[in-house]
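Working notes, structure below.
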Amino acid sequence: MEKWSTATIREFRQTLLAWYDREGRDLPWRHDQDPYHVWVSEIMLQQTQVQTVIPYYLNFMAMFPTVADLAQAPEEQLLKAWQGLGYYSRARNLQRAARQLVDDYRGKWPQTAAELLDLTGIGPYTAGAIASIAFGEVVPAVDGNAFRVFSRLLLIDADIAKPQTRKLFEQVIQPIVDPQRPGAFNQAIMDLGSSYMTAKNSDPAHSPVRAFDASYRENCVADFPVKTKAPRPRPVPYYGLIVTSPAGYLMVQRDATQMLTGYWTFPLIQQADLQDATDQQPATLQTDIAHLEQRFMTDYQLPITLTPLSGQPVSHTYTHQRWQVKLLVAELSSAADLTFYPGKWVAASTIKTLPLPKVQEKLMTRYQNQGHPAAFKQN
DNA sequence: TACCCGTGGAC
DNA sequence: TGTCCAAGGGT
């Protein structure tokens, strides 16, 4: 690992910030230092590219201009505004924290990274980002960019996939952060990490800080950062039920024990949940359908007859799971009573006003493409 | 600690 | 088309 002198640190700050002042990106959340603006942008930017975030950020600020507006927003409106951004707990945590600010902090922001950590959804990185950008605290903001940039500049070979490695980087970066302009320093590192010092196709030869880049000097840029690979997502087979009636489609809202909490889908049943201990034979499509029909009758008093939809299962990949959804269709001639079923009938024309996860959109597209072109047509 | 949590872009 | 990557946090 490289070790910089105090003189080198001074030169690095000056070079970096001069470049940032000249070529830093003009982004909507950089127009001021309002902590609400910084906060919302930082949450949206977690594991999400800048160009994806921009339209969401602009719409979010139009819908929820202040912390108080966010705290009071109906959850379904919030989830709709977040639809498509992914990692949906971010949205619900954002509102929880907004309510913490209103209720516990009387609307007055905590101004240090250590205090900001108390807000739901704000971790070490986001706390450092808000504290430095909005409040001028001299702290690092160690995200993927900081890992990548400093691992290359200083030849740090610690595995950034390990949680404990963040502490090492915080200790290394802390004395390098510009004490006069900590927010600009941290944002400059991010801009560097998304331009000349990217993960792939980096261009260290033209980087404004190439003179400080040990990995460039020693021709080993591609070796940094060191990061162990994530395991591949495991296949998870599902049945997706398209139950129609004159009242529309049967839809369910996912509960807090499930991923995609608060979003609406067709009824989805994991195939593994249909295993019957009394069965001696392995499950087949026919036996699973029989189980499903029986469950709807006995548990929900809903008589349905399920028919497989032709075609391969709808596939949707998450970070740790690969869903493979077989669609089964049941058409009811009248809108059955849903007293015993935790769902509701939704008219085809209004389905798309609900917050829907991507997998639900895929299911609807598949249904339309398999002989139901008029389904879900808006107005 | 190790694992869970979404989506779209780039190659 | 599969794979990796992108301004992480919660549990």
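Within every chain, numbering begins at 1; the chains are lettered A, B, ... in the order of the sequence lines, protein sequences first and strands thereafter. We use all heavy atoms of the structure for the numbers below, so side chains are in, but hydrogens, waters and symmetry mates are not.
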Within residues 174-191 of chain A: residues closer than 4.0 Å to DNA chain B (heavy atoms): none
Separation of the P atoms in B:dT1 and C:dG10, to the nearest angstrom: 16 Å
Okay, side chain of A:R181, backbone of A:V177: is any donor-acceptor separation there less than 3.5 Å? no
Nucleotide range of DNA chain B contacted by chain A, 5' to 3', under 4.0 Å to a heavy atom? B:dT1 to B:dC11
Interface with DNA chain C, restricted to residues 21-36 of chain A and to heavy atoms under 4.0 Å: A:R25, A:L27, A:W29, A:R30
C:dA7 and B:dC4: how far apart are their P atoms, nearest whole angstrom? 24 Å
Mind calculating the distance between CD (A:Q47) and P (C:dG8) to the nearest angstrom? 5 Å
Assuming nearest nucleotide by heavy-atom distance, tell me which of A:N93 and A:E42 is located more 5' along DNA chain C. A:E42
Pick out the pairs of N or O atoms, protein on one side and nucleotides 3-5 of chain C on the other, that lie under 3.5 Å.
from	atom 1	to	atom 2	distance (Å)
C:dT3	OP1	A:R232	NH2	3.2

A:H320 meets the ring-ring contact (aromatic ring centres under 6.0 Å, His included) criterion, sequence neighbours left out, with none
Rounded to whole Å, the CG-C1' distance (A:N145 to C:dG8) equals 12 Å
What side-chain donor-acceptor pairs closer than 3.5 Å can you find for residues 73-80 of chain A, not counting sequence neighbours?
from	atom 1	to	atom 2	distance (Å)
A:E76	OE1	A:W264	NE1	3.3
A:K80	NZ	A:Q83	OE1	2.9
A:K80	NZ	A:K352	O	2.9
A:K80	NZ	A:L354	O	2.6

Using atom OH of A:Y125 as one end and atom P of C:dA6 as the other, report the distance to the nearest whole Å. 13 Å
Under 3.5 Å, is there a donor-acceptor pair between the A:T120 and A:Q100 side chains? yes
